[in-house]
Amino acid sequence: MKFLGVIIVCLTGGLLLYGTTDFPDWGDPSSPASTHLSDYYIEKTIEDTKVPNIVTSVLADYRGFDTMFETAVIFTAGLACFILLRDFRGKKERFYRHKPTGVVLHVKDGKKTLTVGKEFEHMDKDWVPSDLIIKTVCRILIPFIQIYAMYVVAHGDFSPGGGFQGGVIFGSSLILLAISYDLKTLVNRIKEKVLGIFAALGVLIFVGIAAICMPMGGNFLDYTALAPLVWDPHHVRALGMLGVEIGVGFAVMAVMAIIYINIVSEGRHDEGL
Amino acid sequence: MDILVILLLLIGLLFFLGGAVGIIRMPDFYSRLHPAGKLDTLGILAMVMGLALYNLHHFSLESLLLSIKMFLIVFFVFLASPTATHSIVDAGMRAGLRHWTKKKRKV
């Protein structure tokens, strides 16, 4: 079976490589992309969309369909990670630390839930005292990282940035919380369900904005049809892009956290890096 | 003004050079982190001070804002860089890496 897989991978890879020989050379001025498309994007972007950042306008407007399915791919990656790795059985062994004295209780029976008082805290098996300096600095930094992430999402129209980058920055701030404290802190702070809802909500925002265009009398993803809905009809395409980017940001942020949590804890969401 | 900018940039470069040489020449893990954590932080302060001054050539609200943003970068590097170094050293200590001594080298 494995041998068959290797053959299939080699065949597909060979076919793809063979296909690349038909591509135009890199930066070839006579290639179709350079002769028709690029000129149009460079000349007409400001006129069409009122967005100074051509990359964003190509990504979220001219080729919005592509980006929509990229978001769907990211959502699928998170979903696949969840389905493959998530383990609901839970560990039988658990450790609880009595906070004032530092005494550790080792619970060996396989009870699903064990209610403990507030003076006990759930503890990782290879727990080490978390470092005060790192915790404090991360506590200071995380809100700033998150504000910066939102800035990158919101400012994607004007400067480098956008939903993917902002979402990754936001997700990395969540991962920083898990690294500097422990995984339990992150999982308690943002529930798994919330992350899943955010991932789905991001895709829904994107597809929703695209689909609303149709009953408004435009094509799918044709933001100009939304003009009666927004307060500034001149910038309707820029605003449509902003909405789409926010959706992408949600999806990427949640999927980053889902993938991280599932991989480090081997799907049990109890302890990890 | 320009002289001050050049001087600050040169000071920053000097610190960066010291940091780079230190990372290569220092004998072990812990002492290598020392130039990495300290000199780069100071180097970036001097560099950004120079660049912010240069940016204020045409004094306006926008250039002032940009300079303040540059100093925000320094602020966060000042917070993050020593902490990152600290956490790496901490990880090294917990993993049980022994520090370097001159005596050990001779044996």
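A note on names: the letters A, B, ... follow the listed sequences, proteins ahead of strands, and every chain is numbered from 1. No hydrogens, no waters, no symmetry mates; every other heavy atom, side chains included, goes into these values.
Inspection of non-hydrogen atoms places no residue of residues 42-65 of chain B under 4.5 Å from chain A. Among the residues in residues 141-165 of chain A, those with a non-hydrogen atom closer than 4.5 angstrom to a non-hydrogen atom of chain B are A/Leu141, A/Phe144. Proximity to chain A at a heavy-atom threshold of 4.5 Å picks out B/Phe76, B/Leu79, B/Ala80, B/Thr83, B/His86, B/Ser87 from residues 72-87 of chain B, in numerical order.
Looking at A/Thr49, A/Asp48, A/Thr67 one by one, the single match for side chain to side chain donor-acceptor pair (under 3.5 Å) with A/Tyr62 turns out to be A/Asp48.
Between the side chain of A/Asn262 and the backbone N or O of A/Leu85, no donor-acceptor pair lies under 3.5 Å. For the pair B/Tyr30 (side chain) and B/Met93 (backbone), a donor-acceptor distance under 3.5 Å is present. At distances below 3.5 Å, at least one donor-acceptor pair connects side-chain atoms of B/Arg32 with backbone N or O atoms of B/Met26.
A/Gly78 and A/Ile258 make their closest contact through O-CG2, 3.9 Å (heavy atoms, listed as atom of the first residue, atom of the second, distance). Smallest separation of non-hydrogen atoms from A/Ala251 and A/Ala199: CB-O, 3.8 Å. Nearest heavy atom pair, residue A/Ile263 against residue A/Cys81, reads CG1-SG, 4.2 Å. Closest heavy-atom contact between A/Ile46 and A/Pro52: CD1-CA, 3.7 Å. When all heavy atoms of A/Leu105 and A/Phe120 are compared, the pair lying nearest together is CD1-CE2, 3.4 Å.
The greatest number of non-hydrogen atom pairs below 4.5 Å with chain B, out of A/Ile134, A/Ile140, A/Thr136, is found for A/Ile134.
Proximity of B/Ile6 to B/Leu10: side-chain heavy atoms (C-beta onward) are separated by under 4.5 Å at one or more points. The shortest distance between side-chain heavy atoms of A/Leu174 and A/Met253 falls below 4.5 Å.
When the shell of 6.0 Å around CD of A/Glu119 is examined, it contains more than 12 heavy atoms from other residues, nucleotides or ligands.
With sequence neighbours left out, A/Arg86 forms a salt bridge (charged side-chain N to carboxylate O under 4.0 Å, His left out) with A/Glu192.
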